[in-house]
Amino acid sequence: MAQELKPPPQEILGNLADLPALLRSDASGAALRQLDSYLADCASSAVSMRMRATDYEEKAFAQLVADACAASRHVIELAWRQYHGVPNS
């Protein structure tokens, strides 16, 4: 099941090396959108895996992955907003 999740592109992996610095320097939000898009794709893949899984443990694992992606998206967006003085919506 884990093979169904695509690994992040190299530019995203490089960005994760120092995520706080990236978010601070990303005034345009381009890097934020790239990370958000990748995490949204991962969450969608995990939901698909959960729906196809027949084993309870696989379903539970896929749900954990989807939840982790959603939480990561939220935290990264909040951090970006904090760095750039953008009010939370």
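Taking Gln34 as the reference, Glu11, Ile12, Asn15 meet the side chain to side chain contact (heavy atoms under 4.5 Å, CB included) condition, with sequence neighbours excluded.
Between Glu57 and Asp55, the closest heavy-atom pair is OE1-OD2, 2.9 Å. Across Tyr38 and Pro7, no two heavy atoms sit closer than the pair OH-C, 3.7 Å.
Taken together through direct or relayed side-chain contacts under 4.5 Å among Ile, Leu, Val, Met, Phe, Trp and Tyr, Leu78 and Leu22 form parts of separate hydrophobic clusters.
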Quiz: residues 64-76 side-chain donor-acceptor pairs under 3.5 angstrom, not counting sequence neighbours:
residue	atom	partner	partner atom	Å
Asp67	OD1	Gln63	NE2	2.7
Ser72	OG	Ala68	O	2.8
Arg73	NE	Asp36	OD1	2.7
Arg73	NH2	Asp36	OD1	3.3
Arg73	NH2	Asp36	OD2	3.1

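For the atom pair CE (Met49) and NZ (Lys59), the distance works out to 11.5 Å, reported to the nearest 0.5 Å. Considering CZ of Arg50 and CZ of Phe61, their distance stands at 13.5 Å, rounded to 0.5 Å.
Taking a 4.5 Å side-chain heavy-atom cut-off between Ile, Leu, Val, Met, Phe, Trp and Tyr, the cluster of Met51 extends to Val47.
Side chain of Ser25 to main chain of Ala21: a donor-acceptor pair is present (N/O by atom type, distance under 3.5 Å, no hydrogens or angles).
With respect to Trp80, the side chain to side chain contact (heavy atoms under 4.5 Å, CB included) criterion is satisfied by exactly one of Gln82, Glu77, His84: His84. Checked options Leu32, Asp26, Leu23; the residue passing with Tyr83 is Leu23 (criterion: side chain to side chain contact (heavy atoms under 4.5 Å, CB included)).
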